[in-house]
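Right, one structure below, let's go through it.
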Amino acid sequence: MNGPFRDLRSWLGYLEHHGSLRRLRGPLDLRYDVPRLLEEHDGSAAVVFEDVDERQSSVLVGGTLHSRAQVAQALGVEAEDLLSTYLRALSEPVAPREVGAAEAPVLEVEEPEVRLDRLPAPWHHARDSGRYITASIAIVRDPSTGTQNWSIHRLQINDERRAGALILPRHLGHIFAQYEARGQDLPVAFVVGLPPGYLLASQAITAFGIDEATIAGALLGEAVPMVRSPRYDIAVPAPAEQLFEGRVLANVRGPEGPFGEFPRTYGPRGEKPVVEIDAHYHRHDPYFQTILPASREHLLLGAIPREAATFRAVRHVSPNVRDVVLTFGGGCRYHAVVQMAPRIAGEAKNVLLAAFSGANEIKRVVVVDEDIDVNDASDVEWAISNRVQPQRDIVIVEGALGSQLDPSAASDGVTGKWGIDATIPVGGDRSRYERVRTPRRP
Ligand SMILES: Cc1cc2nc3c(=O)[nH]c(=O)nc-3n(C[C@H](O)[C@H](O)[C@H](O)COP(=O)(O)O)c2cc1C
Ligand SMILES: [Mn+2]
């Protein structure tokens, strides 16, 4: 059984076969049991909650990936090829193919009424404002080009049919603004229950107008099957577990948040857009997927596309870059480590500066030599401790745009940024920096 995995079920089957999935039976509280269990298994196993809540027909699942190695397995590639696989998907997209309703598992069952309040959506963190849908991909069509856009947005369940959404100013926000300016609701399809390849594609950092379905196709090695949604005619992934069709309401705002977010801090309560759901379809015996915010799953989904974008940016400056990692300690957003083999004086500093253009949230960049393990925080610290002279190697920039969720930044996200060049100076006496090794027999 090898990847790429083209639906959630086959991916869960793979995880179970490899001892990376735990099944829990019996009722469990969506607020006081489920999130804690997801947290306890974060980094070791996916958790399937067989019958978490008797009002619900869906089987809840969370924690479906927790390492870069697993992401690679989900795509059917070697772990060391993950970055290059993602880069290739960006440069060689694969258009989706359309299938009929009869070939679309997601349309197997239509619910007679929409009941968001009956979904097994957890109350993820203590100060959250309520139960949230966290793993749904919102798919919308741009009216000017007809191209579709995918992105994940947290949804606060307000009642049977309405949810509050956080729509940061990216592609969905841009499309919604066009509808709202005309006083029209924006039709949207939310799909829930997909394997890592689809989720990763939804997180791609691309120019406006790129259909993330084409990146999913490239990551999975074949055109992804898409079916037209019955009510709003939006193409949606046919193998998804669940589909919710609805509208982002024009000129309506309602309270949303606070909500525990990726940096392990809360995003504040505010007046946010409201979504109304009109129809609900699903597979037979559907899974309902949740992503515990700030879990490895959440962080990795953001990390890999940002690592690819940052790698591209630094490659413009130097051909000698080997690897880019966004660390777990920095929420896979704020702290980047770049590995390179500098050949000319100053090259590492230019790479350091270029890395900030990979993603706005990057706040600190450390550049290390090839002998440093970028996935080992202790090894990176070793490089800093042995190879850095602060006055020479630290760069500080004031007043740049970072993350609004960084509590140390201004409320609009304006922050200082810093870089550390932890490479051995080009032309320096390298023997002074040599790492000790125990003797080996010749
Ligand atoms: C689990 C998860 C939850 C997310 N929640 C939100 C959210 O609530 N609001 C938001 O604007 N972006 C959220 N994101 C990030 C966007 O989905 C991501 O930046 C996406 O690439 C944006 O797509 P776009 O470039 O087409 O605008 C989330 C990402 C993940 C992985
Ligand atoms: Mn997009």
Side-chain angles (χ1 to χ4, degrees), residues 38 42 62-66 71 86 89-90 93 121-122 124-125 128-129 132-142 144-145 147-157 163-178 186 188 190-194 196-216 219 248 256-264 266-270 272-275 289-309 326 331-333 358-362 403-405 413:
L38 287 171
D42 187 20
T64 64
L65 55 97
H66 43 81
V71 177
Y86 205 88
L90 293 175
H124 294 93
H125 286 106
D128 285 3
S129 55
Y132 270 75
I133 301 168
T134 57
S136 83
I137 301 181
I139 307 181
V140 296
R141 193 164 41 236
D142 170 34
S144 49
T145 62
T147 311
Q148 293 198 159
N149 190 73
W150 294 11
S151 47
I152 297 179
H153 298 268
R154 71 191 201 207
L155 295 171
Q156 167 194 277
I157 297 178
L166 175 70
I167 304 178
L168 294 172
R170 285 187 296 255
H171 298 162
L172 176 60
H174 178 69
I175 294 169
F176 177 49
Q178 294 175 56
L186 167 65
V188 54
F190 294 98
V191 286
V192 176
L194 285 161
Y198 284 86
L199 298 176
L200 274 177
S202 79
Q203 299 305 297
I205 295 169
T206 69
F208 182 71
I210 303 290
D211 182 348
E212 283 84 357
T214 66
I215 295 164
L219 289 175
V248 191
E256 190 268 351
F259 186 69
E261 269 292 351
F262 70 85
R264 282 177 271 152
Y266 289 93
R269 188 170 188 78
K272 311 277 170 54
V274 174
V275 167
Q289 184 173 9
T290 196
I291 295 173
L292 179 68
S295 64
R296 296 220 152 205
E297 181 169 34
H298 187 182
L299 301 186
L300 282 166
L301 286 171
I304 289 148
R306 281 175 180 75
E307 287 162 0
L326 290 170
C332 287
R333 305 286 196 285
N360 279 345
E361 302 103 322
I362 296 177
S403 167
Q404 289 183 14
L405 285 170

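Just so we're clear, the structure is a prediction, and the values are computed from it rather than from any experiment. Counting convention: from 1, in listed order, for ligands and their atoms alike.
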>> For Lys272 and Arg154: C-alpha separation, side-chain torsions, deciding distance, then whether side chain to side chain contact (heavy atoms under 4.5 Å, CB included) applies.
In response: CA-CA 11 Å; Lys272 311 277 170 54; Arg154 71 191 201 207; 3.9 Å; yes

> Looking at residues at least two apart in the chain, or sitting in another chain, which of them share a side chain to side chain donor-acceptor pair (under 3.5 Å) with His298?
Replying inline: none

>> Check for me: within less than 2.8 Å of the Mn ion (ligand 2), which protein N/O/S atoms show up?
In response: Asn149 OD1, His171 ND1, Glu212 OE2

>> Check whether Tyr132 reaches the backbone of Phe259 with its side chain - one donor and one acceptor, N or O, closer than 3.5 Å.
In response: no

> Taking it one step at a time, do Val140 and His171 satisfy side chain to side chain contact (heavy atoms under 4.5 Å, CB included)?
Replying inline: CA-CA 10 Å; Val140 296; His171 298 162; over 6 Å; no

>> I'd like to know if the side chain of Glu256 pairs up with that of Ser129 as donor and acceptor (distance under 3.5 Å, no hydrogens or angles considered).
In response: no

Distances for all N or O pairs of ligand 1 and the protein under 3.5 Å?
from	atom 1	to	atom 2	distance (Å)
ligand 1	8 (O)	Arg154	N	2.8
ligand 1	9 (N)	His153	ND1	3.4
ligand 1	9 (N)	Leu166	O	2.8
ligand 1	11 (O)	His153	ND1	3.4
ligand 1	11 (O)	Leu168	N	3.0
ligand 1	11 (O)	Arg170	NH2	3.4
ligand 1	12 (N)	Ile152	O	3.4
ligand 1	12 (N)	Arg170	NH2	3.0
ligand 1	14 (N)	Ile152	O	3.2
ligand 1	17 (O)	Ile152	N	2.9
ligand 1	17 (O)	Ile152	O	2.8
ligand 1	17 (O)	Gln203	NE2	3.1
ligand 1	19 (O)	Arg170	NE	3.3
ligand 1	19 (O)	Arg170	NH2	2.9
ligand 1	21 (O)	Ser202	O	3.1
ligand 1	25 (O)	His171	ND1	3.3
ligand 1	26 (O)	Asn149	OD1	2.9
ligand 1	26 (O)	Asn149	ND2	2.9
ligand 1	26 (O)	His171	ND1	2.9
ligand 1	26 (O)	Glu212	OE2	3.1
ligand 1	27 (O)	His171	N	2.8

> Between Thr147 (side chain) and Asp211 (backbone), is there a donor-acceptor pair under 3.5 Å?
Replying inline: no

> Within the distance-only criterion (no hydrogens, no angle test), does the side chain of Glu212 pair as donor or acceptor with the backbone N or O of Ser151 below 3.5 angstrom?
Replying inline: no

> Ala359: what forms a side chain to side chain contact (heavy atoms under 4.5 Å, CB included) with it, not counting sequence neighbours?
Replying inline: Arg306, Glu361, Ile362

>> Test side chain to side chain contact (heavy atoms under 4.5 Å, CB included) on Leu292 and Asp42; report intermediate values, then the result.
In response: CA-CA 9 Å; Leu292 179 68; Asp42 187 20; 5.5 Å; no

